[in-house]
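Taking it in order: structure first as structure tokens, then the write-up.
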Amino acid sequence: MFFFVENIGTIVLWLGIVVAALYIFLSTVRIINQFERGVVLTLGRYTSTRSPGLNILIPWIQTLRRADIRIMVAEIDPQDLITKDNVSVKVTAVVYYRISDPRKALLEVRDYPNAINQLAQITLRSTIGQYPLDKLLANQEELNETISKVIEIRTEEWGVQVDHVEIRSVDLSPSMIRAMAQEAEAERGARARVATASGEKLAAEELAEAARILSTQPAAMTLRTLATLKEIGAEQNTTIVFPISQENLMASASMAAAIKDSQRHS
């Protein structure tokens, strides 16, 4: 009986040693993924940044904090803003960023995702107010680049690199949409009137040139008069009285003599 109790105590002892060894091993070994970097703190002080793979730590003395270095997305909440020309708009945007320095990202700022989101909102408000509505809608690439550079100046101190910023949507109020539609319609109407006036001017110039040519050729004027009468007479339900002098319908004596002379020689 005493031997059996002694064997049980030995088994329990070895089992405790195995559990303690396993715990120490698990506390010592850390595996860092390829998309991560590890920041090691020794007694609370920064000592090193670990690369992906198997890493050995001193239990209870060293701790490991992980930083994801993949590109992350921060959606900026819709912002009610006023443009330079006093137009109210609602703007939504997206910030793409990644950690460039894990030590700064984990130790210099407490919550870098929230800090970037708040900074992006402030930058968006201050930047949109410097642009009129037309430029805001037409030059979004330039605006995206400007916002990205402003944000990156601040986030560089946090070990975060801004990849780019995209303005996702610019929403206008219904009253502003109606006003813009009326303005566009007025501009199109003005262009149409200018085009009509230009066409009438060109037609008047061509008619003046035609009148000048016809005035030098009485026979051509006669033919044109007859053609006009034929066009008017196409509608047989109307009687038209068209007064015209006989001289305009008859060739002059010199022209008649020239015609007879040409017939005689032929």
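Residue numbers count from 1 along this sequence.
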Is a side-chain donor-acceptor pair under 3.5 Å present for Thr92 with Ser169? yes

Residue pair Pro102 / Ala67: nearest heavy atoms and the distance that separates them: CB-CB, 3.9 Å

Is it the case that the side chains of Arg65 and Thr63 hold a donor-acceptor pair, with the cut-off being a distance below 3.5 Å and no angle test? no

CZ of Arg30: more than 12 outside heavy atoms within 6.0 angstrom? yes

Might you work through the salt bridge (Lys or Arg N to Asp or Glu O under 4.0 Å) test for Lys104 and Glu156, ending with a clear yes or no? CA-CA 9 Å; Lys104 290 183 178 180; Glu156 187 176 1; over 6 Å; no

Short question: side chain of Asn55, backbone of Ile31 - any donor-acceptor pair under 3.5 Å? no

Indicate yes or no: at least one non-hydrogen side-chain atom of Leu57 is less than 4.5 angstrom from one of Arg50. yes

Please check if the side chain of Ser126 supplies one atom and the backbone of Ile122 the other of a donor-acceptor pair under 3.5 Å. yes

Could you check if a side-chain atom of Asp111 sits within less than 4.5 angstrom of a side-chain atom of Pro113, using non-hydrogen atoms only? yes

Nearest 0.5 Å please: distance from the CZ atom of Phe35 over to the CZ atom of Arg98. 14.0 Å

Please check if Val109 and Val160 belong to a single hydrophobic cluster, counting links between Ile, Leu, Val, Met, Phe, Trp and Tyr side chain heavy atoms closer than 4.5 Å. yes

Determine, stepwise, if the pair Trp158 / Leu119 fulfils side chain to side chain contact (heavy atoms under 4.5 Å, CB included). CA-CA 12 Å; Trp158 304 339; Leu119 178 61; 4.1 Å; yes

When you measure from the side chain of Gln79 to the backbone of Asp77, do you find a donor-acceptor pair of N or O atoms at a distance under 3.5 Å? yes

Could you walk me through whether Ile32 and Leu64 pass side chain to side chain contact (heavy atoms under 4.5 Å, CB included), step by step? CA-CA 10 Å; Ile32 300 176; Leu64 179 71; 4.2 Å; yes

Can you label the angle between the His164 ring and the Tyr96 ring as parallel, tilted or perpendicular, going by 30° and 60°? parallel

Within the 4.5 Å heavy-atom criterion, are Ile76 and Val95 side-chain neighbours or not? yes

Sub-3.5 Å donor-acceptor pair from the side chain of Thr28 to the main-chain atoms of Ile58, do we have one? no

With side chain to side chain contact (heavy atoms under 4.5 Å, CB included) as the test, would you mind laying out the steps for Thr49 and Tyr46 before giving the verdict? CA-CA 9 Å; Thr49 299; Tyr46 168 80; 2.7 Å; yes

Side-chain contact, heavy-atom cut-off 4.5 Å: Ile99 with Arg70? no

Quick one: does Ile56's side chain get under 4.5 Å of Val29's, heavy atoms only? yes

Has the side chain of Arg37 got a donor or acceptor atom that lies under 3.5 Å from a matching backbone atom of Gln34? yes

Is a side-chain N or O of Thr47 found less than 3.5 angstrom from the main chain of Val40, in a donor-acceptor match? yes

Look at atom CD of Glu108 and say whether more than 12 heavy atoms of other residues, nucleotides or ligands are closer to it than 6.0 Å. yes

Any heavy-atom pair between the side chains of Asp68 and Asn33 that's under 4.5 Å? no

Roughly how far, to the nearest 0.5 Å, is CG of Asp134 from NZ of Lys84? 12.5 Å

Are Ile151 and Ile128 connected in the hydrophobic side-chain network, where two residues link if heavy atoms are under 4.5 Å apart? yes

Do the side-chain N and O atoms of Asn117 and Gln121 include a donor-acceptor pair separated by under 3.5 angstrom? yes

To the closest 0.5 Å, what do you measure between CD1 (Ile153) and OG (Ser148)? 10.0 Å

With a 4.5 Å cut-off on side-chain heavy atoms, are Val165 and Val162 touching? yes

In terms of heavy-atom contacts, does CD1 of Ile82 have more than 12 from other residues, nucleotides or ligands at under 6.0 Å? no

Considering only heavy atoms from C-beta outward, does the side chain of Leu124 approach that of Ile147 to under 4.5 Å? yes

Please report the interatomic distance CD(Gln130) to CZ(Arg125), rounded to the nearest 0.5 Å. 14.5 Å

If two hydrophobic side chains count as joined below 4.5 Å and joins carry through other members, does Leu81 share a cluster with Val87? yes

When rounded to the nearest 0.5 angstrom, what is the spacing between CG in Leu41 and OG in Ser48? 9.0 Å

I would like to know whether Ile71 and Tyr97 meet side chain to side chain contact (heavy atoms under 4.5 Å, CB included); could you show each step before the answer? CA-CA 5 Å; Ile71 292 180; Tyr97 66 93; over 6 Å; no

